[in-house]
2 protein chains.
Amino acid sequence: METETATRWLTDAEQCAWRTHLDVNRLLTHQLERDLQPFGLTMNDYEILVNLSESEGLRMRMSDLASATLQSKSRLSHQITRMENGNLVRRENCESDRRGLFAVLTEHGLETMQRVAPHHVASVRRHFIDLLPEEALEELHKSLTPVAEHLRNHRGKP
Amino acid sequence: METETATRWLTDAEQCAWRTHLDVNRLLTHQLERDLQPFGLTMNDYEILVNLSESEGLRMRMSDLASATLQSKSRLSHQITRMENGNLVRRENCESDRRGLFAVLTEHGLETMQRVAPHHVASVRRHFIDLLPEEALEELHKSLTPVAEHLRNHRGKP
DNA sequence: CCTCACTAGTTCACCTTTCAACCTTTTAGG
DNA sequence: CCTAAAAGGTTGAAAGGTGAACTAGTGAGG
């Protein structure tokens with residue numbers, strides 16, 4: 001009985017594409033992180049701020065926020081604690097489900113968000129968006145969407 | 001005097017593309033990490049193994065390895081220490097420059113690499129490469145290459 | 001030769017992430 | 001109702017990452 005199947009190694013083209021993809025990610029993340037640093041925020045902080053600022057009542061349930069930002073509950077919990085110490089966010093009890101908590105954007109959190117957003121957007125443009133012709137960006141989006149979907153459906157499995 | 005310039009916010013299309021890109025990265029990294037876990041390796045470990053296994057004499061100078069993998073020297077140093085404890089790698093002095101060290105792949109490191117590689121490649125195919133039509137992958141590569149280049153040239157600056 | 005600036009690499013202190021254990025409240029079944 | 005399982009969150013310890021300070025060796029100019 002044959003337990004072993006010949007491996008389909010990556011072709012050169014595939015390998016190049018893959019490595020470039022990995023590199024862009026790493027470099028881009030570093031760069032965006034660096035550009036946020038002067039404002040005392042990390043990309044994680046920023047992402048939380050964005051999510052909350054776009055939500056009804058500037059608040060979200062911890063679980064929802066965790067899955068919106070693709071983090072574990074534990075990690076989010078620590079993250080929110082840190083942001084609470086920085087007075088960007090506060091926790092509030094949920095009346096309808098007494099297990100639950102909201103993360104709520106504070107005034108200072110909102111101001112910070114509004115002050116920083118333009119710089120962050122500029123950074124994203126400068127290091128990514130504006131380097132790609134419009135069709136390339138659309139193409140990229142079209143290609144990546146099914147990948148994202150696949151990965152989402154596939155979470156916590158073989 | 002005008003100190004403020006109108007912010008060029010992202011268009012909807014740009015925003016979607018950008019968020020998808022971020023999500024794919026996060027999800028994909030998680031998935032690949034999960035798939036390596038049964039073998040006791042992280043993606044960082046794996047990447048080091050690949051780099052060393054492709055090098056003359058199965059060895060690289062610490063600095064070269066750090067820049068090949070886009071890590072700080074500090075981080076690499078910790079990483080190699082861990083891998084040394086796992087007997088995947090060993091440090092060796094450099095004769096020609098007595099400040100320098102080589103990271104050298106051990107026998108066990110090489111075997112591990114060879115045993116794990118097929119699974120990792122399968123994982124990369126399953127969750128990324130094989131989800132993209134061939135032209136899409138080429139397109140992606142073409143689009144991303146200048147971005148990577150830009151980011152590389154731009155390291156450690158404004 | 002000296003010496004001074006630079007390069008290679010490590011270390012330390014501090015912060016972030018992960019994972020498993022835990023507590024509380026809700027829900028579904030009998 | 002009562003109970004057991006599941007869901008919402010937190011916690012604490014251990015592992016990983018970061019940046020600055022440090023050691024030691026190199027090398028170019030005077």
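Computation of the quantities below employed the complete heavy-atom set of this structure, encompassing side-chain atoms and omitting hydrogens, waters and symmetry-equivalent molecules. Each chain gets a letter, A, B and so on, in the order its sequence line appears, and its residues count up from 1. From a predicted model like this one, the values you see are computed outputs, not experimental measurements.
Computed from coordinates, the Asn93(B) CG to dT10(C) P distance equals 10 Å when rounded to whole Å. Rounded to an integer number of Å, the gap from CG of Leu70(A) to C1' of dT18(C) is 16 Å. Remark: C1' of dG16(D) and CG of Leu41(B) are 16 Å apart, rounded to the nearest angstrom. Between the CZ atom of Arg34(A) and the C1' atom of dG17(D) there is a distance of 17 Å, given to the nearest Å. Residue Ile48(B) contributes atom CD1, which lies 14 Å from atom C1' of dG16(D) at whole-angstrom precision. Between Ile80(B) atom CD1 and dA8(C) atom P there is a gap of 16 Å when expressed in whole angstrom units. When rounded to the nearest whole Å, the span between NE2 of His30(A) and P of dG17(D) equals 11 Å. The distance between atom CD of Glu33(A) and atom C1' of dT18(D), rounded to the nearest whole Å, is 11 Å.
The aromatic ring centres of Phe39(B) and His120(B) sit 6.0 Å or more apart.
Between the side chain of His78(B) and the base of dT11(C), no donor-acceptor pair of N or O atoms lies under 3.5 Å.
Using a 4.0 Å cut-off between charged side-chain N and carboxylate O, Glu92(A) and Arg61(A) make no salt bridge. Under a 4.0 Å N-O distance rule, the pair Arg82(B)/Asp45(B) does not qualify as a salt bridge. Ion pairing between Glu84(B) and Arg91(B) holds under the 4.0 Å rule for side-chain N and carboxylate O.
Contact check, Gln37(B) against dC19(C): a side-chain N or O comes under 4.0 Å of OP1 or OP2. For dA24(D), neither phosphate oxygen OP1 nor OP2 lies less than 4.0 angstrom from any side-chain nitrogen or oxygen of Arg98(B). Between Arg82(A) and dT17(C), a side-chain N or O to OP1/OP2 separation shorter than 4.0 Å is present. Distances shown here put a side-chain N or O of Arg91(B) below 4.0 Å from the OP1 or OP2 atom of dT10(C). Close to dA15(D), at under 4.0 Å from its OP1 or OP2, lies no side-chain N or O of Arg75(B).
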Kindly give the atom pairs (protein nitrogen or oxygen, nucleotide nitrogen or oxygen) under 3.5 Å for nucleotides 6-8 of chain D.
residue	atom	partner	partner atom	Å
dA7(D)	N3	Arg99(A)	NH1	3.1
dG8(D)	O3'	Arg61(A)	NH2	3.2

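Looking at which nucleotide of DNA chain C each of Thr42(A) and Ser96(A) is closest to, the 5′-most match is held by Thr42(A).
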Salt bridge (charged side-chain N to carboxylate O under 4.0 Å, His left out), that's the test. Do Asp64(B) and Arg59(B) meet it? Break it down for me.
CA-CA 10 Å; Asp64(B) 297 340; Arg59(B) 74 190 51 219; over 6 Å; no
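Side chain to side chain, Arg34(B) and Gln37(B) fail the donor-acceptor criterion of an N or O pair below 3.5 Å.
Leu58(B) is linked by a side-chain contact (heavy atoms from CB on, under 4.5 Å) to Leu105(B), Leu110(B), counting only residues two or more places apart in sequence or in another chain.
Residue contacts shown for Ser74(B) include a base, since a base heavy atom lies under 4.0 Å away.
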